[in-house]
Amino acid sequence: MSTGNLAKKQSNSAKTWKTVKNSLVHVGLAIMSAIWLFPIFWVVMTSLRVENGGVGSYTSYFFPKELGFDNYVKLFTDTKLLNFPKMFMNTLIVAIFSCIVATFFTISVAYCMSRLRFKVRKTFMNIAMIMGLFPGFMSMIAIYYILKTVGLTEGSNIRIAMVLVYSGGAGLGFLVAKGFFDTIPKTLDEAALIDGATKWQVFTKIIMPLSKPTIVYTVLGAFMGPWVDFIFAKVLCGVKKDYYTVSIGLWNMLEKEYVHQYFTRFCAGAVCISIPISIVFLSMQGCYKEGMSGAVKG
Amino acid sequence: MKNIFKRKPSDFPTEYTVSNAFKKGDALTKLSFLLLGVGNVAKKQVVKGILFLITELAYIGYMISYGFYSLKELTTLGHYEKIETWSEEDGCYIYEQVGIESIQVLLFGVFTIILTLLFIAFWRECVKSAYKAQCLAKEGKHINSFKDDIKDLFNVNLHKLLLTLPLAGILTFSVLPLIFMILQAFTNYSDVDNKLLKFDWTGFDAFKQVLSLKGDIGRQFWSVLLWTVIWAIFATVLNYIFGMILALVINRKGTRCKGMWRFFFILSIAIPQFVSLLIVRTMLKDNGAINNILMDWGLIDTPLPFWTNATWARVTVIVVNLWVGIPYTMLQMTGILQNIPADLYEAARVDGANSFVVFFKITLPYMLFVTMPHLITTFTGNINNFNVIYLLSGGGPASEHLKDTAGQTDLLVTWLYKLTIDQNDFNIGAVIGIMTFIVLAIVSLVTYRNTNSYKDEEGFQ
């Protein structure tokens with residue numbers, strides 16, 4: 001009898017211990033999430049701050065006294081000094097074109113490396129690995145000179161230059177897509193080839209339809225590039241404001257001469273960029289997971 | 001590494017080689033050594049042969065008009081002079097530039113060399129093609145017409161079709177610039193002594209300058225290198241540990257709303273990095289949000305020196321990097337954790353192991369095994385982590401030596417950026433880039449070779 005009670009007590013205390021532990025974990029997670037989400041919350045709050053006409057970089061209080069969308073309206077209508085709508089369009093154009101070229105490059109190289117066998121394949125993969133170890137923008141200045149020699153750093157050619165910069169070397173980033181193609185069984189190719197298909201048909205009619213997640217992943221990744229890069233854009237544009245992309249624009253808003261006037265607008269701009277980019281990012285994650293779990297399920 | 005250079009028997013043996021063409025080729029094939037495509041034209045591959053010939057003529061034309069000249073200039077990096085003459089008419093000095101800037105000489109020289117290498121490869125293919133046509137004609141086999149060749153591009157030679165454009169892109173936007181930059185390390189191309197327009201080959205002088213323990217540049221280099229390695233180790237290891245703990249905590253049985261917690265953390269990395277980093281930088285400024293709040297609450301009297309004190313700044317960048325990196329690690333770990341074979345845990349539970357033993361005997365070894373390559377890429381990524389440092393601290397605070405170009409939190413990459421973009425010390429910058437590469441190559445080779453995932457590929461299968 002007494003032993004049974006003891007056992008019960010023990011299991012009871014184990015249960016309470018478990019509850020305490022669980023709630024501790026949840027409290028911990030809540031605190032951590034708060035730390036991670038705090039800056040985002042702060043930016044959203046600041047972007048909605050409209051007292052004193054939204055002017056003033058930092059305030060001594062955290063919650064704004066008046067809320068409103070004035071900063072967003074100003075961001076898109078007041079285009080005298082920093083033309084945000086134009087920057088947005090610039091980035092969009094560059095992103096669309098470089099996305100097309102980069103996706104084509106990446107997918108073709110990945111496909112060749114994964115499913116075709118030819119002489120220089122291994123050499124190419126080794127060289128690609130070695131080149132990945134050099135600091136990426138070490139070649140930036142050289143690229144600038146090359147583009148300058150061909151006359152692509154003047155006027156509206158800058159847009160072409162940007163597209164080339166973001167997509168030119170894309171062939172080297174073939175690893176993820178190659179990993180995906182590797183998971184597709186070779187027997188599919190062989191069966192099609194025996195049936196008289198050409199390799200081109202195997203590529204376009206069999207492998208491509210099976211690789212949607214990876215293609216979407218590559219497309220989204222390439223599309224994001226111009227929005228999040230800022231060093232190449234800065235070097236290419238220099239002081240030519242007409243061709244600024246959003247990232248240079250946002251960076252400029254925090255420079256000394258603008259920050260007082262523009263800080264709340266910077267926050268509004270950051271929110272405007274972050275929403276589409278985070279949607280793209282989240283869908284990329286979905287595609288990545290789907291891609292990694294294999295093409296042919298069974 | 002050795003395997004890369006050792007000559008192995010080819011996986012794609014063929015009898016149509018250049019040496020065979022030389023030994024066994026007939027007169028027309030041998031003529032094709034000089035006049036590309038002649039052999040092909042004779043064997044009724046007219047279009048192909050003419051295309052070969054046109055390419056050869058184009059190459060020769062380029063070499064005569066620019067190529068040889070730029071190769072010759074490359075040896076001395078050109079000649080360039082600025083002639084100053086006093087003009088009585090205008091009452092001022094008139095400057096006249098003679099020659100080409102060295103930088104253009106270097107660029108065209110490298111371009112010509114790459115073009116020549118490509119042409120040699122092309123020439124070999126043409127000779128082989130001529131010899132192949134000869135052999136096929138002798139054996140009475142079918143010789144591909146131009147139409148057949150085009151068809152082959154979509155079948156046997158699909159790789160040629162798919163790879164040409166991407167390779168051209170890589171050559172122009174990755175290989176050419178890289179060689180161009182590497183070569184600059186062997187010149188005196190810098191603002192020092194006004195060598196920006198005309199510079200010379202100086203051998204290993206720039207390397208000596210960087211590696212010497214004396215001298216300003218050398219002293220900065222070693223301290224920046226030390227900080228880069230410390231930074232990379234802390235950033236990688238702490239991210240790994242905390243990311244794994246977070247993933248484990250979210251994944252454990254008792255935790256509810258797993259999806260929600262994950263979403264919260266992922267949300268913070270879904271925002272473009274330059275935006276979130278700029279925001280954090282602003283928040284941590286002397287008059288930024290964090291200091292404001294702390295002062296409002298009366299916890300501190302003077303602002304905390306997040307970006308103005310060297311030690312504070314170094315700790316801050318590492319901590320902020322944790323903020324950026326932990327969600328990424330968590331994301332990757334979650335996938336791997338869910339793949340740990342359940343029977344391993346079951347066996348441990350049957351044996352009566354508690355959760356600590358389970359973690360150190362099963363979870364950790366398994367994770368280390370699977371994530372070693374990931375760990376190495378993170379490490380190399382951190383050594384080259386330009387964004388976090390440049391956008392957060394900008395390399396500052398400045399060093400106590402006034403002349404120094406490297407700040408206290410500068411990594412090799414951000415210093416490289418400052419040296420080239422701000423200071424125009426291109427040769428030193430190129431050396432730093434090469435040194436970064438060497439450090440990375442050594443680290444990744446050594447660690448990768450010593451990991452279990454390399455030695456024992458099937459340890460956990």
Side-chain angles (χ1 to χ4, degrees), chain A residues 18 21-22 25-26 29 33 36-37 39-40 42-43 58 60 62 105 108-109 111-112 116 118-119 126 131 133-139 141-143 145-146 149 164-165 167-172 198-200 203 227-228 230-231 235 247 250-251 254 270 273-274 277-278 281-282 285 289 292, chain B residues 4 12 103-104 107 154-156 158-159 162-163 165-167 169-170 172-174 176-178 180-181 249-250 254-255 261 264-268 270-276 278-280 282-283 287-289 292-293 296 323 327 331 335 380 384 386 413 416-417 420 433 436-437 440-441 444:
Chain A
K18 215 173 187 181
K21 213 163 80 176
N22 270 338
V25 163
H26 283 96
L29 278 176
S33 311
W36 255 263
L37 295 178
I40 301 166
W42 181 68
V43 170
Y58 316 112
S60 57
F62 182 73
F105 280 11
S108 331
V109 174
Y111 184 80
C112 291
L116 303 177
F118 49 95
K119 226 169 157 186
N126 284 328
M131 287 191 37
L133 291 177
F134 278 98
F137 65 93
M138 188 177 156
S139 47
I141 302 161
I143 293 179
Y145 275 118
I146 295 170
T149 323
L164 287 176
V165 164
S167 54
L172 286 176
T198 62
K199 287 190 179 177
W200 172 256
F203 175 53
W227 297 91
V228 296
F230 123 105
I231 305 150
V235 170
S247 48
L250 289 178
W251 164 269
L254 290 184
I273 298 304
S274 300
I277 293 293
S278 30
F281 182 85
L282 292 176
Q285 284 306 320
K289 249 191 222 154
M292 286 304 105
Chain B
I4 299 175
F12 304 88
I103 192 75
Q104 288 195 343
L107 185 59
F154 288 90
N155 200 2
V156 196
L158 182 62
H159 60 275
L162 287 180
L163 282 181
L165 274 179
L167 273 186
I170 292 171
T172 359
F173 290 98
S174 301
L176 172 63
L178 201 59
F180 179 64
M181 290 306 285
V249 166
I250 292 181
T255 312
W261 299 119
F264 280 163
F265 289 99
I266 294 175
L267 194 63
S268 67
I271 295 171
Q273 213 181 37
F274 80 92
V275 170
S276 56
L278 283 179
I279 292 164
V280 173
T282 326
M283 287 177 72
N287 51 357
N292 275 337
I293 291 177
D296 267 5
W323 182 78
L331 206 62
T380 52
N384 276 336
F386 181 85
V413 263
L416 164 72
Y417 178 84
T420 47
T436 317
F437 166 75
L440 285 182
S444 20

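Below, chain A is the first sequence line, B the second, and so on; all start at residue 1.
- A pairwise comparison of heavy atoms in A:Val228 and B:Pro272 identifies CG1-CB, 3.6 Å as the closest pair.
- Contacts between A:Phe230 and chain B at a heavy-atom distance below 4.5 Å involve the side chain alone, from C-beta outward.
- Rounded to the nearest 0.5 Å, atoms CE (B:Met181) and CD1 (A:Ile143) are 10.0 Å apart.
- Per-residue counts of heavy-atom pairs under 4.5 Å with chain A were compared for B:Val249, B:Leu158, B:Leu167, B:Thr172; the largest is that of B:Leu158.
- Your options are A:Val235, A:Val165, A:Thr149, A:Ile231, and the one with the most heavy-atom pairs under 4.5 Å with chain B is A:Ile231.
- Looking at B:Phe386, the atoms closer than 4.5 Å to chain A (heavy atoms on both sides) all sit in the side chain, from C-beta outward.
- Within the 4.5 angstrom heavy-atom criterion, only side-chain atoms of A:Leu37, from C-beta onward, approach chain B.
- One finds the CH2 atom of A:Trp200 at 6.5 Å from the CG atom of B:Leu162 (value rounded to the nearest 0.5 Å).
- Contact detail for A:Lys199 and B:Val156: the closest heavy-atom pair is NZ-O, 4.1 Å.
- With a 4.5 angstrom heavy-atom cutoff, B:Thr380 touches chain A only via side-chain atoms.
- With a 4.5 Å cut-off on non-hydrogen atoms, B:Phe180 touches chain A through its side chain but not through its backbone.
- Closest heavy-atom contact between A:Gly168 and B:Phe173: CA-CD1, 3.8 Å.
- A:Leu116 touches chain B through its side chain: at least one heavy atom from C-beta onward sits under 4.5 Å away, while N, CA, C and O do not.
- The ring-ring contact (aromatic ring centres under 6.0 Å, His included) search around A:Tyr145 returns none, not counting sequence neighbours.
- Nearest heavy atom pair, residue A:Cys112 against residue B:His159, reads SG-CA, 3.9 Å.
- Among residues two or more places apart in sequence or in another chain, the ring-ring contact (aromatic ring centres under 6.0 Å, His included) test is passed with B:Phe265 by A:Trp36.
- The greatest number of non-hydrogen atom pairs below 4.5 Å with chain A, out of B:Pro166, B:Ser268, B:Ala441, is found for B:Pro166.
- With a threshold of 4.5 angstrom between heavy atoms, A:Val43 approaches chain B through side-chain atoms but not through N, CA, C or O.
- For A:Trp227, the part sitting under 4.5 Å from any heavy atom of chain B is the backbone (N, CA, C, O) and nothing else.
- Annotation: the span from B:Ile271 atom CD1 to A:Ser274 atom OG amounts to 4.5 Å, rounded to 0.5 Å.
- With a 4.5 angstrom heavy-atom cutoff, A:Phe281 touches chain B only via side-chain atoms.
- Put simply, of B:Ile103, B:Val275, B:Ile250, the one with the most heavy-atom pairs under 4.5 Å next to chain A is B:Ile103.
- Summarising the geometry of B:Ser174 relative to A:Gly169, their closest heavy-atom pair is OG-CA, 3.9 Å, with the distance given to 0.1 Å.
- Residue B:Leu107 touches chain A through its side chain alone, counting heavy-atom pairs closer than 4.5 Å.
- Looking at A:Leu172, both its backbone and its side chain come within 4.5 Å of chain B, counting heavy atoms on both sides.
- For a residue to count as touching a neighbouring chain, one of its non-hydrogen atoms must lie under 4.5 Å from one of that chain's; by this rule B:Phe274 touches chain A with the side chain only.
- Looking at every heavy atom in both residues, A:Leu254 comes nearest to B:Thr282 through CD1-OG1, 4.0 Å.
- Both the backbone and the side chain of A:Leu29 come within less than 4.5 Å of a heavy atom in chain B.
- Using a 4.5 Å cut-off between heavy atoms, B:Trp261 touches chain A through its side chain atoms alone.
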